[in-house]
Amino acid sequence: MMAMLMRPVRNHSWNVTPLEARQIQESLCQRVDVTPLPDLSQIKTVAGLDVSYAKETNRCYAAVVVTRGPDWEPIEQATAMLDATFPYVPGLLSFREGPALIQALSMLKHAPDLFLFDGQGLAHPRRFGLACHLGVLFDHPAVGCAKRRLTGEHDIPGNTPGAWTPLRDEQTNELIGAVTRTRRNVKPVYVSIGHQLSLDQAIEIVLQTQTRYRLPEPIRMAHRLSNEIRLADLNAEDRSTH
DNA sequence: GCGACAG
DNA sequence: ATCTTGTCGC
C-alpha cells in the first residue's frame, strides 16, 4: 500500500461559517512555533504553493511545486481541483484555499523541507494567516510571502535587494513581518513567519529562492502551474459543452 | 457611517 | 483572484 507522506497531523472541519473560522484561528494560533530552525542550510527543498480560480464556477486550482536549491529547479509537482466552499474574506483566506492545497500536498511522493506560501503568515489580524494555518496542520516549516499588505504598519525599505523594514502591529508594537525588497525598482513583498522558524530565516528563504523576479521562484512556478491547469480545465469544459 | 482589506 | 489590449520602458 502507498503511504501518504504529506498529510496533516491535525485537521478540523472546513465546512464552517466565518464566525467559526475566526474561532478556529484564535484557537490554533497558539500552536504556531516561532522557534528558529537549528540550521537553515539543512533546507534543501522548498515547495511553492498557489491557487487560481475560475470566476464563473468558483473552482479552486491548487498547485504545489517542489524545488531544490541552490538553483530551485522543480523536482516534483502536484495539483488539485476543488470547488470552493468558502468565500474570499480578508483574514479568512485559508478557509478558501486550504482544502485544495491540502489535497494537492497529499499527492506528493516526496516531502519538501519547507512550504512557501503566496500569502501572509503571522502578518494577520489574528496572527494566523495561510502560512501559519497549513504549517500548523502539517506540523511543518512554513513561510508567508504576500504581494500586498493585509495588516500592520511599516516604512518603505531601501531600494536595494535584501533591504527590509519591520512590519508592526501599531497597537501592540509587535513585530509581525518584514517588508522586503527582492529586486531594485520593484515593489517589496510582505514576508512573515508561517511555522517553525524565525523571521530572519523566513526573510533569508525568500531572498535565497528569488532569482530574477519579484517573487520567489517556487511561488512563481506554482502560480504558473495553477493557471495552466485552470485554463486546461476550462478548455476541456468548453469542448464537452459544445 | 467611512475606509481598509492576503488571494 | 478573474476579466482583458495595448502600451510604455528597461
Side-chain angles (χ1 to χ4, degrees), chain A residues 14 18 21-22 24-25 29 32 48-64 79-104 115-136 142-154 159 161 167-171 176-180 182-195 199 202 206 212-216 218-235 237-238:
Chain A
W14 293 89
R22 291 186 183 86
I24 289 172
Q25 291 180 328
C29 75
V32 175
L49 298 104
D50 194 24
V51 176
S52 67
Y53 307 90
K55 183 187 179 185
E56 297 298 323
T57 66
N58 201 40
R59 179 168 290 186
C60 294
Y61 300 87
V64 50
T79 62
M81 298 184 286
L82 218 56
D83 289 318
T85 61
F86 202 92
Y88 171 67
V89 179
L92 300 179
L93 177 65
S94 58
F95 286 87
R96 182 166 172 76
E97 301 193 343
L101 287 171
I102 290 173
Q103 184 175 321
F115 297 153
L116 184 50
F117 290 95
D118 183 12
Q120 316 287 357
L122 282 181
H124 176 279
R126 289 168 291 283
R127 308 292 176 267
F128 201 65
L130 175 66
C132 295
H133 199 153
L134 292 208
V136 165
V143 170
C145 179
K147 297 180 291 298
R148 300 189 303 183
R149 185 192 72 97
L150 173 60
T151 190
E153 307 300 326
H154 66 86
N159 191 12
L167 178 66
R168 324 191 104 93
D169 180 308
E170 207 171 38
Q171 304 306 307
I176 60 177
V179 186
T180 308
T182 55
R183 297 280 292 175
R184 184 178 297 274
N185 300 328
V186 169
K187 288 194 304 180
V189 296
Y190 294 79
V191 180
S192 57
I193 291 173
H195 195 49
L199 178 58
V206 167
R212 50 181 304 219
Y213 300 96
R214 180 192 182 204
L215 298 177
I219 289 181
R220 295 187 66 250
M221 291 189 282
H223 192 270
R224 273 186 307 177
L225 181 56
S226 66
N227 277 319
E228 282 176 12
I229 63 172
R230 175 172 54 87
L231 295 177
D233 186 50
L234 295 179
N235 285 330
E237 195 169 293
D238 278 353

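Note: hydrogens, waters and symmetry copies are ignored here, and every other heavy atom, side chains too, is used. The sequence lines fix the lettering, A, B, ..., with proteins before strands; numbering per chain opens at 1.
At least one side-chain nitrogen or oxygen of A:Lys147 sits closer than 4.0 Å to the OP1 or OP2 atom of B:dG7.
A heavy-atom distance below 4.5 Å is not found between the side chains of A:Pro125 and A:Gln25.
Rounded to whole angstrom, the span from the CZ atom of A:Arg183 across to the P atom of C:dC10 amounts to 15 Å. Spacing between atom CG of A:Asp50 and atom C1' of B:dA6 amounts to 11 Å, rounded to whole angstrom units. At whole-Å resolution of the value, CD in A:Glu97 and C1' in B:dG7 are 5 Å apart. Remark: C1' of C:dA1 and CG of A:Leu101 are 13 Å apart, rounded to the nearest angstrom. Remark: P of B:dG7 and CZ of A:Arg148 are 5 Å apart, rounded to the nearest angstrom. When rounded to the nearest whole Å, the span between CD1 of A:Ile219 and C1' of B:dG7 equals 12 Å. If you measure from atom CD of A:Glu153 to atom C1' of B:dC5, you get 13 Å, rounded to the nearest angstrom. Rounded to an integer number of Å, the gap from CD1 of A:Ile176 to C1' of B:dC5 is 14 Å.
For the residue pair A:Asp83 / A:Asn58, no side-chain donor-acceptor distance below 3.5 Å is found, with atom types taken as modelled. Between the side chains of A:Arg230 and A:Asn227, at least one donor N or O sits under 3.5 Å from an acceptor N or O.
Taking every side-chain heavy atom of A:Arg149 into account, B:dC5 is the closest of B:dG7, B:dC5, B:dA6.
At a threshold of 4.0 angstrom between heavy atoms, the contacts of A:Gly144 with the nucleic acid are absent.
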Contact list (N/O, under 3.5 angstrom) for nucleotides 2-9 of chain C vs protein:
{"residue": "C:dT2", "atom": "OP1", "partner": "A:Asn227", "partner atom": "OD1", "Å": "3.2"}
{"residue": "C:dT2", "atom": "OP1", "partner": "A:Arg230", "partner atom": "NE", "Å": "3.4"}
{"residue": "C:dT2", "atom": "OP1", "partner": "A:Arg230", "partner atom": "NH2", "Å": "3.1"}

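The two residues A:Val191 and A:Thr180 come nearest to each other via the heavy atoms CG2-OG1, 3.6 Å. The two residues A:Ser226 and A:Tyr61 make their nearest non-hydrogen contact at CB-O, 3.4 Å.
A:His133 and A:Phe95 have their aromatic ring centers within a separation under 6.0 angstrom.
Under the side-chain contact (heavy atoms from CB on, under 4.5 Å) rule, A:Leu116 has a single partner from A:Leu215, A:Leu49, A:Val64, A:Ile219, which is A:Ile219.
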Under the 3.5 Å Watson-Crick or G-U criterion, the dot-bracket string of DNA chain C, with | for inter-strand pairs: ..........
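The local environment of CZ in A:Arg184 is crowded, with over 12 non-hydrogen atoms from other residues, nucleotides or ligands closer than 6.0 Å.
A:Lys147 and A:Asp118 are joined by a salt bridge, as a carboxylate oxygen and a charged side-chain nitrogen come within less than 4.0 angstrom of each other.
With centres under 5.5 Å and a plane angle under 30° as the test, the ring of A:Tyr190 is not stacked against the base of B:dA6.
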